[in-house]
Amino acid sequence: MTAVKERSCTTLFTTVVGVLAVFPSLGVSAVATPTPREPIAPISAPVDIDARKLSLGERLFHDPRMSADGRMSCATCHPLSEGGTDHRSHVVTVAGKELLLSTPTVFNSALSARHGWLGSVESFPKLLDQKIQDRFIFNSDWKQVEERLSQDSSYAISFQSIYGSRPTAAAVGDALAEFFQSLRTTESRFDRFLRGDEGALTEDEKAGYRQFKSHGCIACHQGVNVGGNVFQRLGVFEDYFAVRGVDETADIGRYLITGRERDRHVFRVPSLRNVAATPPYFHDGSALSLEDAVHVMVRFQLGQQPDEKDVQLIVKFLKSLTGYYQGKSL
Amino acid sequence: MNGERAIYVILGALAVALLTVSFLSTQTLDSEQHESINDSLREIRRIDALLNEQVLTTRYELQHSYDDIDVYAATLQQLMNSLRDSPILNFTDHRSELARAMSELNDTIVRKTTLLEDYKTDNALLKNSLQHLPHGVGTLAESGDSATLALAQDLLRDVLTYNLTGEGAIRQDVESEISALAMRAQRVPAKEQTNIGNLVTHAELALRLQPQLDATVEQLLKSPLETITTKLQSGYFAFYKSRIALSNNYRVALYILSTLLLILIVYFFIRLRVNTRELFKEKERALVTLHSIGDAVITTNANGAVMYLNPSAQLVTGWNDVEARGEPLNRVLQLMDEHSLKPLGSIVDRCLSEGRHVSLNEHTLLCRRDGQEFVVETTAAPIRDGDNAIVGSVVVIRDVTKTRSMARELQWHASHDPLTGLANRREFEHRLRVALQSARERGKTHALVYLDLDQFKVINDTCGHVAGDELLRQITGILQPALRGVDTLARLGGDEFGILLEDCNVDRARQVSDQIRLALKDYRFAWKHKVFSVGASIGIAQITRDSTSVDDILSAADMACYAAKDEGRNRVHVYASTDGDIAQRHGEMQWTTRITHALEENRFRLYVQRIRSTQQDDDDEDHYELLLRMIDERGEIIPPGAFIPAAERYNLMQSIDRWVVSTVCRQIRQIATTQSDIYSINLSGQSLSDDQFLAFVIQELTENSISAGTICFEITETAAIGNLQNAMKFINTLKAKGCRFSLDDFGMGLSSYAYLKNLPVDFLKIDGTFVKDMHDDPADRELVRSVNQIAHVIGIKTIAECVESEAVWNHVREIGVDYAQGFYVERPRLWLTPVSSRNFTAR
């Protein structure tokens, strides 16, 4: 199944050449990359997608019957036409309660093992359970959801033909997961560059990528999602929250989940895929432009004085990360 | 029964439970599950190795990607979940070693995941700083002085070296270089200062993170996943093996149990077949029996519907088996009361509802389908099953028509005269009794007419019995029309008829009687050219409230009839209280005077008959029986049978006996007999029981100096037993004097061997009625033989009477009877003419 070349770990900065396994169950695929290995991998097109499950999942994604009051669907906060996010920093829900964290996009979320700002759940079914039962989101329960969906004969027929059962939590989760697998943005110019298309990026963008790496952004923003696979404290070299002012509960970060002191103000490093299309930035949505965001990052996370020229290059590079969904750029 | 059934049910349930438990226990991990558990454990170890490798890779790579680490970590978690979901834990106890190892594995993976996150975070920061250091040095190279640059370059080298080796000495170098740089920074321009500051910050960070990260990496690499999984695997194998062994045991148990069950089934099947065959045979036997018995048998079910009829039942009901099946019994078996002819209620319903045997045996009539009727006795009995519940009934019908008619015939014969068809004496007396009762209780008056034919004896003697019988029949034909239906005409014997006229006074009875008398007077009986006129004497007795008994009424009518005859035949006489005189005048009363006169006039004679020994021709003692005769007024000899009954009735026997004893004694004295002669004297019962008579006898013997041995008294059994005490006294007294006794007429009367034993007689006289026909009748012969034998056993000599022929003599001799007496031996002859006469009538 997997072939891994043994290599010595003692040599500093040796390049790793390897073929990574494909784990279909996780839906993460990594393809062989040319040497030297880049820390960022291009997004591959989804494989083995069941078209029937996908369309069922898409329908469920847009179905307000998921929520108790029947007014809110997944797409309410994650409109696909707008980058998979409502661009809100503090969302006012139907229940009239403001959510504390800004809305992350659903695009490419299936490529990450963890989800949300706090990375509190490790699997899609768990995530779905959380959203269904969250008093401030769907405020429902599976029994109610299953009942409502069962009353729709077209659902009943679809579920029966695909899963051989009525709409159950597991079946609903599976269909939605299949749909999420399809929510990938492919063919970004940067990915084309990674695949060897030197002309896909402008020289500035290439320079921006180099700056991105040499400044150390790449230490956290790596992998296929350019982030999303590591936790980091916001404000490594300077106290971000003291500078920003206003102390909110949400700022406590991952501490809310683990209770470890070292997890205070720690958040999941967000993916930078389609970052240009999904403002505002940070968990508090405080940065409205990429430039602002890069400034904040260089200062608080990298412990450096942002150089305006470098910032601009990096921003250019970031813009090349915008991909296509269903043939349309985000 | 129910208890047995419950035991079977419980046993069955237990067997099923045992089978179920065995079956469920044999459930084990199938090979796919087994493989998947093994694979998971192997995979955990492999992924863990890859993960560790990836950690080292990302640690030392210049630019890393955590995607692989995430993938491996997720894979580990997933493998863990799949292990946890596998059926191992379903089978094992939570406290078992396997379960402990399992949770340990889970904890280790969770811990490792946390460590990995920390590692990624710290590693990213460290990389960031290490990345920045050359960048910062490059910046210094552009703007700063050479000394600072050299210091910065040293710092960079030492930080990188420290990063690689983690040696404490180099760390100290780094620390000193940092402080040197920090000192330098105070003496350089502001821009420089910032650059140096950045450099220092990052170097400090790297220095701070370095040991922390190294510790994390060490912990990650040392994570005991390998040992735990190995332990888990060996634990699992032990578990798996025990599971297999256990399931094997259960399989064996299952095999044994099912084999036992199979054997049981075969056994029951065979038993069932044997039972079925036996039941079938039994049924055949029962059917054959039912077919062959003469009684009609019908079986019904519990509702009283017919199930079966045997051939007799089919014959008697007129229904065949097939037609009758399912019909209600009342339709097939129509029973009614013999007298009222009303249908009877269903016998089966009664039998079924009362649950017991029911009989209808009197006056039941069965009406066959074609209307023919039978008199039947019917019984019905319930049929019960093993639980004692009634499942039907069996009805047995016996055709008693023939028996009934035979009984009726017998009854008729018992109460009727077969010759004339009239009621017989018995029946007549019965009706008289009823009439008498009605007279007494209800004051009714009836009449009894007694009719005696005058010429019957003449016709019977001259024309024979057949004529006599015919006469009686014809007379019956004449009598009957003269009577009413309620009257009873009966033949009371010979030529006597009785008529019971119910509710009839004397006048009317006389009228009827006259009518009959006239009819008979005119009647002529013709027989073979002879014609006879037949007359009748008719006596009438009234039956009233005052009548005492049937015998009295009959006797009164008889006397009235006698009176009528006395008046000159062909008359009717109504009983009056004086009629008794008439009878006396003409009957026994006559004999008393005649006997008295004969005694007075000494007109009795003694005859003698020899009793001869059968064994010795030359008998040394002569034994004679003395026989009494009476000479009547006209000089005719009258046999004792004629006058003795009258003498007995009117207490004249003692006088006669005294005469005989006295006469005999005197005669013997006169003739001076030899000692060896024995004379037997017959004594009556009356004399025997009289003390004075005993004294008389002793006196006579003494007076005449008679040797007592010459006298033998013959007494009848009846006489002796009539007053046994006196008789014994008599016998014993005289026996003591030397007299002998013989028991007369043995075989007649009461003849009890018990008495024979108690009466100390010397001789036993076997009654002539048995002896005289001995040569013809073997029964008589055997009787004589047995009497003889018994007498000999007791020590009594025997005498056979009425030996009238040589043949009888020979038989008697042959049997061994001691003496014989009779015409063959010697005819009675006149003994001696009495010498004197004494008045024996006076006592």
Side-chain angles (χ1 to χ4, degrees), chain A residues 1-2 4 6-7 9-16 18 20-23 25-26 28 30 33 36-41 111-114 119 122-123 213-225 227-233 236-237 254 258 260 262-263 266 269 301-305, chain B residues 43 46-47 49-50 52-75 77-78 81 113-114 116-132 134-136 138-139 160-161 163-164 191 194-195 197-199 201-202 205 212:
Chain A
M1 195 151 86
T2 313
V4 179
E6 295 290 327
R7 61 178 284 278
C9 298
T10 48
T11 321
L12 177 64
F13 303 144
T14 357
T15 48
V16 177
L20 288 177
V22 177
F23 292 96
S25 59
L26 294 176
V28 177
T33 46
R37 195 183 106 153
E38 290 294 337
I40 297 174
L111 297 176
S112 288
R114 294 174 185 271
E122 291 144 7
S123 71
K213 288 198 278 190
S214 67
H215 274 87
C217 309
I218 198 70
C220 290
H221 294 282
Q222 30 65 45
V224 68
N225 255 350
N229 57 3
V230 64
F231 293 99
Q232 202 56 269
R233 169 177 292 134
V236 176
F237 292 94
R254 195 164 156 72
T258 67
R260 295 194 305 169
R262 67 164 282 167
D263 283 332
V266 169
V269 174
Q301 299 305 103
L302 298 180
Q304 295 167 24
Q305 282 66 51
Chain B
E43 193 69 3
R46 197 180 65 83
I47 297 294
L50 286 173
N52 288 348
E53 187 184 298
Q54 198 60 38
V55 166
L56 287 173
T57 309
T58 50
R59 170 78 177 84
Y60 295 109
E61 248 179 347
L62 180 62
Q63 284 165 345
H64 55 256
S65 161
Y66 292 145
D67 279 353
D68 287 348
I69 287 179
D70 271 16
V71 166
Y72 293 142
T75 308
Q77 194 59 55
Q78 207 170 32
N81 290 343
T113 311
T114 314
L116 276 174
E117 291 304 336
D118 293 349
Y119 161 74
K120 285 191 291 184
T121 305
D122 291 348
N123 190 46
L125 282 180
L126 182 64
K127 282 283 181 65
N128 182 35
S129 293
L130 292 177
Q131 198 95 323
H132 178 77
H135 198 77
T139 319
L160 288 178
T161 311
N163 179 48
L164 190 66
K191 194 171 178 258
T194 312
N195 284 338
N198 280 347
L199 208 60
T201 312
H202 281 98
L205 188 71
Q212 194 180 326

Test of understanding: with side-chain contact (heavy atoms from CB on, under 4.5 Å), list the residues that count as partners of B:A124, not counting sequence neighbours. A:A219, A:C220, A:Q232, B:Y66
Name the option with the most non-hydrogen atom pairs under 4.5 Å to chain A; the candidates are B:A73, B:S65, B:P134. B:S65
Treating B:N128 as the side-chain partner and A:Q301 as the backbone partner, does any N or O pair qualify as donor plus acceptor under 3.5 Å? yes
Where does A:H215 contact chain B at under 4.5 Å (heavy atoms): side chain, backbone, both or neither? both
Tell me which of these, A:V230, A:D263, A:N225, A:T258, has more heavy-atom pairs under 4.5 Å with chain B than the rest. A:V230
Any Lys/Arg nitrogen of A:K213 or A:E38 sitting under 4.0 Å from an Asp/Glu carboxylate oxygen of the other? yes
Judged by atom type as modelled, is there a donor-acceptor pair below 3.5 Å linking the side chain of B:Y119 to the main-chain atoms of B:V55? yes
Can B:E117 and A:R260 be counted as an ion pair, charged N to O under 4.0 angstrom? no
Identify, with sequence neighbours excluded, every residue that meets side-chain contact (heavy atoms from CB on, under 4.5 Å) alongside B:N195. B:T139, B:L140, B:S143
Below 4.5 Å from any heavy atom of chain A, which atoms of B:L125 appear? Answer side chain, backbone, both or neither. both
Rounded to the nearest 0.5 angstrom, the OG1-CG distance for B:T75 and B:D68 is 10.0 Å
Give the member of A:G223, A:C217, A:G119 that has the highest number of heavy-atom pairs under 4.5 Å with chain B. A:G223
Structural part of B:H64 lying under 4.5 Å from a heavy atom of chain A: both
Less than 4.5 Å to any heavy atom of chain A: does that hold for the side chain of B:T58, its backbone, both, or neither? neither
From the list B:K120, B:H202, B:R59, the residue making the most non-hydrogen contacts under 4.5 Å with chain A is B:H202
With a 4.5 angstrom heavy-atom cut-off, is it the side chain or the backbone of B:N123 that approaches chain A, or both, or neither? neither
